[in-house]
Amino acid sequence: MTNTNITNFRKNLFDYMNQAINFGEVINVSSKSGNAVVMSEEDYKSLMATVELLSIPGMKEKLLEGKNTPISECIPEDEVKW
């Protein structure tokens, strides 16, 4: 995470936005009235999707179970019924 103050952020806005969008850098901008965080839209959407999934009771355990299941025990993709 990059930390900067509002004055420096304003002077270097293009560079900070480029860092966030192209390199996934999170920018913490401090001001007299508080702080703000700047991140790419892609990273924000990913974070919100993770929060949503983990808010479902039991989902974390199901995800970890799936992650730890050997490929040999999984069914082929073409046999999955959606």
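Since this is a predicted model, take the numbers as computed values, not measurements.
Using a 4.5 Å cut-off between side-chain heavy atoms of Ile, Leu, Val, Met, Phe, Trp and Tyr, with links allowed through other members, Leu53 and Leu64 fall into different hydrophobic clusters. Met17 is connected to Val29 through a chain of hydrophobic side-chain contacts under 4.5 Å among Ile, Leu, Val, Met, Phe, Trp and Tyr, so both are in one cluster. When the side chains of ILVMFWY residues are joined at heavy-atom separations under 4.5 Å, either directly or via intervening members, Leu47 and Val37 end up in a single hydrophobic cluster. Phe23 and Val26 fall into different hydrophobic clusters, where Ile, Leu, Val, Met, Phe, Trp and Tyr side chains are chained together by heavy-atom contacts under 4.5 Å.
Between Asn3 and Ser30, the closest side-chain pair of non-hydrogen atoms is not below 4.5 Å. The closest side-chain heavy-atom distance from Arg10 to Thr7 is below 4.5 Å. Side-chain atoms of Ile27 and Gln19, non-hydrogen and from C-beta on, do get closer than 4.5 Å to each other.
Distance check: Lys62 NZ to Ile56 CD1 gives 8.5 Å after rounding to the nearest 0.5 Å. The structure places NZ of Lys81 at 9.0 Å from CD1 of Ile75, a figure rounded to the nearest 0.5 Å. Residue Phe9 holds its CZ atom at 5.0 Å from CG of Leu13, rounded to the nearest 0.5 Å.
In this structure a side-chain-to-backbone donor-acceptor pair under 3.5 Å is missing from Asn8 to Thr4. In terms of modelled atom types and a separation under 3.5 Å, the side chain of Ser46 and the main chain of Glu42 share no donor-acceptor contact.
Using modelled atom types, one finds no donor on one side chain facing an acceptor on the other under 3.5 Å when comparing Thr2 with Tyr16.
Under the side-chain hydrogen bond (donor to acceptor under 3.5 Å, both in side chains) criterion, Ser33 pairs with Ser31, not counting sequence neighbours. Every residue two or more places apart in sequence or in another chain that forms a salt bridge (Lys or Arg N to Asp or Glu O under 4.0 Å) with Glu41 is listed here: Lys45.
Taking each heavy atom of Ala20 and Ser40 in turn, the nearest pair found is O-CB, 3.4 Å.
With Leu63 as reference, Met59 is the one residue of Glu61, Lys67, Lys60, Met59 to meet the side chain to side chain contact (heavy atoms under 4.5 Å, CB included) rule.
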